Amino acid sequence: MELTDKPELSLVIPVYNEEANLSELIRRTLAACDPMGISYEMILVDDGSADNSAQMIREAAEKNGGKVVGVFLTTNFGQHAAVTAGLRTSVGKYIITLDADLQNPPEEIPKLVEKLREGYDVVGTIRENRKDTFFRRWASKTVNLMVRKLCNGKTMTDYGCMLRGYSRTVVNAILQCPEHGKFIPMLAMSYARRTIEIHVKHADRMAGESKYNVWKLIALCMELAGHYRNLMLSALPGGTDLLTGTSIFPLRMLTYIGTLLAAFGILFGLYIFVMTRIHGDDWSQHGVFTLFSLVFIFMGGQFVAMGILGEYIGKIHMNTRGRPQFFIESIAGRKQK
Ligand code: UDP
Ligand code: MG
């Protein structure tokens, strides 16, 4: 394949501290794509990794001239921003996104290509026997439920799986959306004409740990409801810009504190319930304690509500400012256009 030729297929893979998975990922992906006889590019987006990932991507791009393209972001912008950067760089007629940790087996790529060639705009996937922790699965269920509610009508079974195929039309539509915090699978659905879902295998994360901890998942849920981390920057009145401009922590704290308070209230209520069963109504001062527990629950609820309002305000503020969602530092493995 000539370097200047436009490949037919673009693979977009976000990479954040995946040095332990990269060589295997590249090897298996190339092995899965080569026999298809399709021209393709494998775009690895380094999302500001702190480990050796960027260097490994650079080397792979040099070695597999034209097939492996490295996109290097200036710092960690998050999975969906990294994917967006990859989409922006891609030139293929068909685009497939997948994760770098080999939870989405690259061997499934031909199945998606087949469907894209049949003319589907979005090819979703359903994970067979999901290999994730209980907590991750539960979180994913909640996300799927929210998305389904938000997308009224058009729906997919499994939104968590990043192994997905898109047509160029849909990708262009996604790229034209200026808002931050795009949840790509959902956005794609809203522009697609023909969609289909296929079953794919799901494996354990090959190495390393999930980059999603509890807080990142909460952030993802916030995004889904139309919020985004970066949009929180300087959501507070002037002067506090330094505090809020470097971190969203102050505003997010409202949600965290609220959740904790409410949880405490509920636990306290349960405790009172049990104790009054054992010691009788006198133990709870005839309802005074119960009142405390209720106050905690409602106070917590109010904090959470304020936190959510803050997310909206922050989003409006950041979108008004219109700062770019990511910065590409350099691209390796492709001739300068
Ligand atoms: N990722 C990223 N930036 C981040 C977090 C994750 O590019 O800030 C990438 C990560 O390298 C992986 C994909 O997004 O390729 C999914 O992350 P992970 O496997 O940790 O999530 P999970 O499988 O638990 O949903
Ligand atoms: Mg994973």
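If you're wondering where the values come from, they're calculated on a predicted model, not measured in any experiment. Just follow the structure's listing: the first ligand is 1, and inside any ligand the first atom is 1.
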Next item on the list: Give the numbers and elements of all ligand 1 atoms closer than 4.0 Å to a heavy atom of Asp99.
Entry: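 Close to Asp99: 13 (C), 15 (O), 16 (C).
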Notebook entry, point to check: Near Asp101, which atoms of ligand 1 are under 4.0 Å from a heavy atom of that residue?
Noted result: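 Counting atoms of ligand 1 from 1, those under 4.0 Å from Asp101 are 19 (O), 23 (O).
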Margin query: I'd like to know if the side chain of Asp99 and the backbone of Asp101 have a donor-acceptor N/O pair within less than 3.5 Å.
Written below: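 The answer is no, because no donor-acceptor pair under 3.5 Å joins these two groups.
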Check: Asn104 side chain to Leu98 main-chain N or O, any donor-acceptor pair under 3.5 Å?
Finding: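 Here the side-chain-to-backbone pair does not exist.
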Within reach of ligand 1, part of [X] (heavy-atom separation under 4.0 Å):
{"X": "Glu18", "value": "side chain"}
{"X": "Met162", "value": "neither"}
{"X": "Asn76", "value": "side chain"}
{"X": "Asp47", "value": "side chain"}

Note to self: At a cut-off of 2.8 Å, what protein N/O/S atoms sit near the Mg ion (ligand 2)?
What the structure shows: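 Correct list: Asp101 OD2, Gln103 OE1.
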Check: For the residue pair Lys115 and Tyr120, what are the closest heavy atoms and their distance?
Finding: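 Nearest heavy atoms, Lys115 then Tyr120: O-CD1, 3.3 Å.
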Check: Side chains of Glu8 and Ser39: is there a donor and an acceptor less than 3.5 Å apart?
Finding: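 No - no donor-acceptor pair under 3.5 Å links their side chains.
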Show me the side-chain donor-acceptor pairs of residues 28-35 shorter than 3.5 Å, one per line, residues at least two apart or across chains.
| residue | atom | partner | partner atom | Å |
| --- | --- | --- | --- | --- |
| Arg28 | NE | Glu107 | OE2 | 3.0 |
| Arg28 | NH2 | Glu107 | OE1 | 2.9 |
| Thr29 | OG1 | Leu25 | O | 2.5 |
| Asp34 | OD1 | Tyr40 | OH | 2.8 |
| Asp34 | OD1 | Lys67 | NZ | 3.0 |

Next item on the list: Could you tell me whether Ala82 and ligand 1 have an N or O pair separated by under 3.5 Å?
Entry: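 No, there is no polar N/O contact under 3.5 Å.
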Note to self: Salt bridge check, Glu18 against Arg205: does any charged N sit closer than 4.0 Å to a carboxylate O?
What the structure shows: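 Result for this pair is yes, salt bridge flagged.
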Item checked: Salt bridge present between Glu24 and Arg27 (N-O < 4.0 angstrom) ->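 Looking at Glu24 and Arg27, the cut-off is met.
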Notebook entry, point to check: Is Arg117 close enough and on-axis enough to Tyr94, meaning under 6.0 Å and within 45°, for cation-pi?
Noted result: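 No; the conditions do not both hold, so Arg117 does not lie above the ring face of Tyr94.
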Margin query: Does Phe268, at its CZ atom, have more than 12 non-hydrogen atoms belonging to other residues, nucleotides or ligands within less than 6.0 Å?
Written below: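 Enclosed: over 12 neighbouring heavy atoms sit under 6.0 Å from CZ of Phe268.
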